[in-house]
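Step one of this worksheet: look at the structure below.
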Amino acid sequence: MKARLWLIDLNSDFLLGKEVVHLWCVSENGERILLVDDSVENFFFATVGNGSPEEAIKASFPELKKYGVLRMEICDKRILGKPIKAVKIVVDKSENIERVSGRLDKLKTFQKIYEDDIRLSTRYLIEKRITPSSWLEVEAEESPNLPNIPNFKTFKVKSIEPLELGSIPNLRIMAIHVLKVGEKGSPKPEYDPVVAISIFTSEGEFKQFTCDGRSDKKLIDDFVNYIKSYDPDIILGYGITEDWNYLIERSKRVDSMLEVGRNYAKPHTSVFGHVSITGRICIDLFHDARDNPQLTEYTLDEYAWSLGLKIGPQIPEHKYYEYLSDSSKKNMLFKQSEEYARLIYTIWNIMGDFIIQLSQLTGLPMDHVLTASAGHRAESYLMREAYSIGELIPPRIEKPYVSYAGGLVLQPQKGVYENVSILDFSSMYPNIMLKYNISPDTYIPSGEQCEDCFVSPESGHRFRKDYRGVYTRMLQSLLEARKAVREKLKSTKEGSLDYRILNARQKVLKILANTLYGYAGWTGARWYLREVAESVAEWGRYTIRATMEKARQLGLRIIYGDTDSIFVIDGEKLGELMKWIEEELAMEARIDKFYKRILFTEAKKRYGGLLEDGTLEVVGLEVVRGDWAEIAKETQLGVLKIMLETMDVNKAISYVRNVITDTRNGKVDLEKLVIWKRMTKPPEAYEVRAPHVLAALELLKRGWRIDVGDKVGYVITKGTSRIGERAKPYQLVESKDIDYEYYVRNQLVPAALRILEVFGVDEQALLKESRKGLMSFGTG
DNA sequence: GCACGATTTATACCA
DNA sequence: ACTGGTATAAATCGTGCG
């Protein structure tokens, strides 16, 4: 049989005592096909120091045989670009790799071990140059003894090749919402049965299983049967990892078989803490929400809202029990669960393309993509790139941290400027890495000779020119692919399916390219090399300085700049500068923005300005910070708006005074006084009794659950003790206890003054009550 | 023992 | 659980005072 198949998921398994790979696929016409490949080998590599690899094999093979080693052979590999002879050690099964490498460590025959931490399914994808969530050209045959899977045809793989096809087959997708209710606090699987499971599928079918209170056995059985009959490729949820663990616990108690895998296996918790289901992809959208620092509560509602989805008021979780116990309200709860299932499916429509593209490009299965960090995504890509040039994959070891200098930030002079253009280097770091061939395997260590190489401008780090490294290759592919995709996008109908796929792809290509610099400087990276990250930053500073120098020569005035941008007063020579950048620096730059009027304080990374269309844009100032009270942010924005639009200082001052008066009179909603801060460690781990920590402790004392990463909202109450002790969780405070004077002195005045001090206004001018003071300002 | 400046701790932002 | 650069607030430390 010859077919085009789309790879959904893969895993390793055993067939007649031999370790094999299972590939769960869907064909062009929607058939579900399981491919079994029994031709795979488990192996890793070892290097010898000064001795000969032949000798090392001869000396160790007889003993290693006892540990499951089938074969040892010499092969040509590279370590950081240097060709070496490595010994490939083929082992009968995955579980013996650790035993063998452990034994090798003791033998001392070999110097170093490589790739003993690569799982078989990953190894398979790398070797075959294929990725999940993409098309394969497969030749396969029928064979006896293959596993029997319902709804699946099973074949043995003869050959398998990657296919460059952008389309996505029709997948069976199932969004689920699991309703769990606890009488007091969060539900516990030990005694709280699952109340309902709502399902919404890609066919538009809605299904709900409910439990009338005593036992959820029937609910769980019905749910499992539904999965068996619908046979989804993808199961979606929000917090579904927790849901599965809950269901696993429940199924044990009510003696249910949770056979939801395509081989009827139970869900299993994988090493990374996520739940996997054989043959299906289980995606927890909660992991995507956790990546968004804008969110405070990480509820599904808040997450959906951040994606632009409008949802009405919901029943809060702490009222679930009340609703459930009231027969007239019970149905509202079930209705809400239904809506959540639909909402999760709607989110897939927004996020799905992105997840598939990320999977296709990194080689990680869809269910790993959201759980993997940015660094691991980049690394997954790099490992494949490394294989293609015979580069051995370094072990994942935490390296000691050595700091280095980053981007150049210019000191702005406080004041208001007009007609300011922002010149931006596009993808500066990726382009620098390409231009100077910066990669861990092109780096020349000190002491080694190099005839012709790139030398970094400050530290003098050298990079060879005659060999393309893993970073260079990765960046070149990503940037070229992105260019091609963006070109194709131009001739694609906006809003069409193709457009969505291409757009998701170009976004993912950019994200991956931009991650690589950070990856290089991450001490946990397999390909960490401080010199690489350091050199990139050096050439970045060099590029900005050279551009500034040229701008000055051309008579252009520079106001500010940060890392890869320069703020310059618009002038006719700007075009000449752009041309110079393109021709002399061979870098890409563009005029990203134009401010009609822009205000700088004396601080770096903080400014606000009016764009051509009149939009007010604020960067870095309190307005855009989450840890200032809303009233202060609102006031600062007002002041900024007045100043940039009218330049009328007195108008701004009287505006602020009005807010101050209102605040002192308590005419401000408590909501606008809440200060939010995120917990970065458990409350008891803090060295300093900061306001938000004390507020968190108070919540904890009252039975709230505070996790690392949660945002704590507090307000400052009346009293004479230090601020921290007067900080109380906003949920527990009444308006009469608020210390309004704190908000005037520590929030309103500093926020407003940040802008107004540029115009010579001081604290006195804002706090003085008299009308005389207002009139006299600026007139002496 | 207290006031006050210096230093440390913590957070959130920019690129 | 990708980097460094930066501003800022509040807690805490350290020192001079007497």
Side-chain angles (χ1 to χ4, degrees), chain A residues 272-273 287 290-291 293-294 370-379 381-382 396 398 401-412 422 424-429 511-530 532-538 540-541 544 560-567 592 601-607 617-629 632-633 675-681 685-694 696 708-709 711-712 714 716 721-727 742 745-747 750-751 753-754:
Chain A
F272 213 65
H287 288 123
R290 270 274 147 162
D291 278 350
Q294 313 269 245
L370 292 188
T371 54
S373 69
H376 288 111
R377 290 173 190 168
E379 190 153 276
Y381 191 112
L382 273 177
R396 189 178 283 160
E398 188 68 30
Y401 170 76
V402 179
S403 77
Y404 68 91
L408 181 69
V409 189
L410 304 184
Q411 180 63 56
I422 300 183
D424 234 34
F425 283 90
S426 2
S427 300
M428 186 197 235
Y429 283 2
I511 288 172
L512 284 173
N514 286 340
T515 306
L516 205 55
Y517 157 74
Y519 174 83
W522 170 40
T523 52
R526 288 181 194 265
W527 278 281
Y528 164 73
L529 193 60
R530 190 207 81 238
V532 164
E534 189 168 41
S535 303
V536 177
E538 271 175 30
R541 296 193 294 271
I544 285 291
Y560 177 65
D562 186 348
T563 311
D564 60 358
S565 68
I566 278 175
F567 291 47
D592 190 39
T601 70
E602 65 280 15
K604 297 170 174 179
K605 296 186 185 278
R606 306 182 133 219
Y607 55 87
E617 202 168 73
V618 184
V619 176
L621 292 164
E622 281 74 4
V623 175
V624 296
R625 288 183 66 96
D627 57 350
W628 281 75
K633 303 196 327 176
I675 297 164
W676 293 92
K677 279 214 167 83
R678 197 176 292 279
M679 299 298 290
T680 59
K681 43 185 144 180
Y686 282 85
E687 288 181 44
V688 169
R689 295 168 72 76
H692 72 294
V693 179
L694 289 167
V708 171
K711 272 189 182 175
V712 175
Y714 64 88
I716 303 301
S721 54
R722 55 169 59 150
I723 291 163
E725 274 151 41
R726 282 151 52 211
Y742 166 85
R745 300 260 170 191
N746 295 41
Q747 292 275 323
L753 230 43
R754 196 86 60 214

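When reading the values below, keep in mind they use all heavy atoms of this one structure, side chains included, and skip hydrogens, waters and symmetry mates. Predicted model only: the values in this text are computed from it and were never measured. So you know, we letter chains A, B, ... as the sequences are listed, proteins then strands, and number each from 1.
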Once you round to the nearest 0.5 Å, how far does CZ of A/Arg526 lie from CZ of A/Arg396? 4.5 Å
Distance from A/Thr563 atom OG1 to A/Leu410 atom CG, nearest 0.5 Å? 9.5 Å
Integer-rounded Å distance: B/dA15 C1' and A/Ile566 CD1: 14 Å
Using a cut-off of strictly less than 4.0 Å, decide whether A/Thr680 has a side-chain nitrogen or oxygen near OP1 or OP2 of B/dT11. yes
Between A/Ser373 and C/dC2, is there a side-chain N or O to OP1/OP2 distance below 4.0 Å? yes
Using only heavy-atom distances, determine whether the side chains of A/Tyr560 and A/Ser565 contain a donor-acceptor pair under 3.5 Å. no
Whole angstrom is fine here: how far is it from NZ in A/Lys711 over to P in B/dA10? 19 Å
Rounded to whole angstrom units, what separation is found between the CD atom of A/Glu602 and the P atom of C/dA7? 9 Å
Sugar-phosphate only, base, or nothing, as touched by A/Gly407 at under 4.0 Å among non-hydrogen atoms: sugar-phosphate
A/Ala603 has a side chain; which of B/dA12, C/dC2, C/dT8 sits nearest to it? C/dT8
Under the rule for ring-ring contact (aromatic ring centres under 6.0 Å, His included), what residues qualify as partners of A/Tyr517, not counting sequence neighbours? A/Tyr429
To the nearest 0.5 Å, what is the distance between NZ (A/Lys633) and CH2 (A/Trp628)? 11.0 Å
With heavy atoms under 4.0 Å as the rule, sort A/Val693 into base, sugar-phosphate or nothing. nothing
Quick one: do A/Arg689 and A/Glu725 make a salt bridge, cutoff under 4.0 Å? no
Applying a 4.0 Å non-hydrogen cut-off, can you work out what A/Tyr686 is touching in the nucleic acid: base, sugar-phosphate, or nothing? sugar-phosphate
Touch class at under 4.0 angstrom, heavy-atom based, for A/Gly518 against every strand present: base
Using a cut-off of less than 4.0 Å, is there contact between a side-chain N or O of A/His692 and OP1 or OP2 of B/dT11? yes
Of the listed nucleotides B/dC14, B/dA10, B/dA12, the one nearest the side chain of A/Asp562: B/dC14
What's the closest nucleotide to the A/Val619 side chain, out of C/dG4, C/dC2, B/dC14? B/dC14
At what distance, to the nearest 0.5 angstrom, does CD1 of A/Ile566 lie from CG of A/Leu408? 9.0 Å
Return the polar atom pairs (N/O with N/O) between nucleotides 9-13 of chain C and the protein under 3.5 Å, or none.
{"from": "C/dA9", "atom 1": "OP1", "to": "A/Arg754", "atom 2": "NH2", "distance (Å)": "3.4"}
{"from": "C/dA10", "atom 1": "OP1", "to": "A/Tyr742", "atom 2": "OH", "distance (Å)": "2.7"}
{"from": "C/dA10", "atom 1": "OP2", "to": "A/Asn746", "atom 2": "ND2", "distance (Å)": "3.3"}
{"from": "C/dA11", "atom 1": "OP1", "to": "A/Gly724", "atom 2": "N", "distance (Å)": "2.7"}
{"from": "C/dT12", "atom 1": "OP1", "to": "A/Arg689", "atom 2": "N", "distance (Å)": "3.2"}
{"from": "C/dT12", "atom 1": "OP2", "to": "A/Arg722", "atom 2": "NH1", "distance (Å)": "2.5"}

What does A/Tyr607 touch in the nucleic acid at a heavy-atom separation under 4.0 angstrom: a base, only the sugar-phosphate, or nothing? sugar-phosphate
Of the nucleotides B/dA12, B/dA10, C/dG4, which has the atom closest to the A/Arg678 side chain? B/dA12
Report which part of the nucleic acid A/Ser565 touches: base, sugar-phosphate, or nothing (heavy-atom distance under 4.0 Å, all strands). nothing
Assuming nearest nucleotide by heavy-atom distance, tell me which of A/Val409 and A/Tyr519 is located more 5' along DNA chain C. A/Tyr519
Identify whether any heavy atom of A/Tyr401 sits under 4.0 Å from a base atom; if not, whether one sits that close to sugar-phosphate; answer base, sugar-phosphate or nothing. sugar-phosphate
Salt bridge flag under 4.0 Å for residues A/Asp562 and A/Lys605: yes
Value in whole Å for how far the C1' atom of B/dC14 lies from OH of A/Tyr560: 7 Å
Across the strands shown, which category fits A/Ala537 at heavy-atom distances under 4.0 angstrom: base, sugar-phosphate, nothing? nothing
Under-4.0 Å side-chain N/O to phosphate OP1/OP2 contact, A/Lys605 with C/dT6: no
Picking from B/dA15, C/dA1, C/dA7, the nucleotide nearest the side-chain atoms of A/Asp564 would be B/dA15
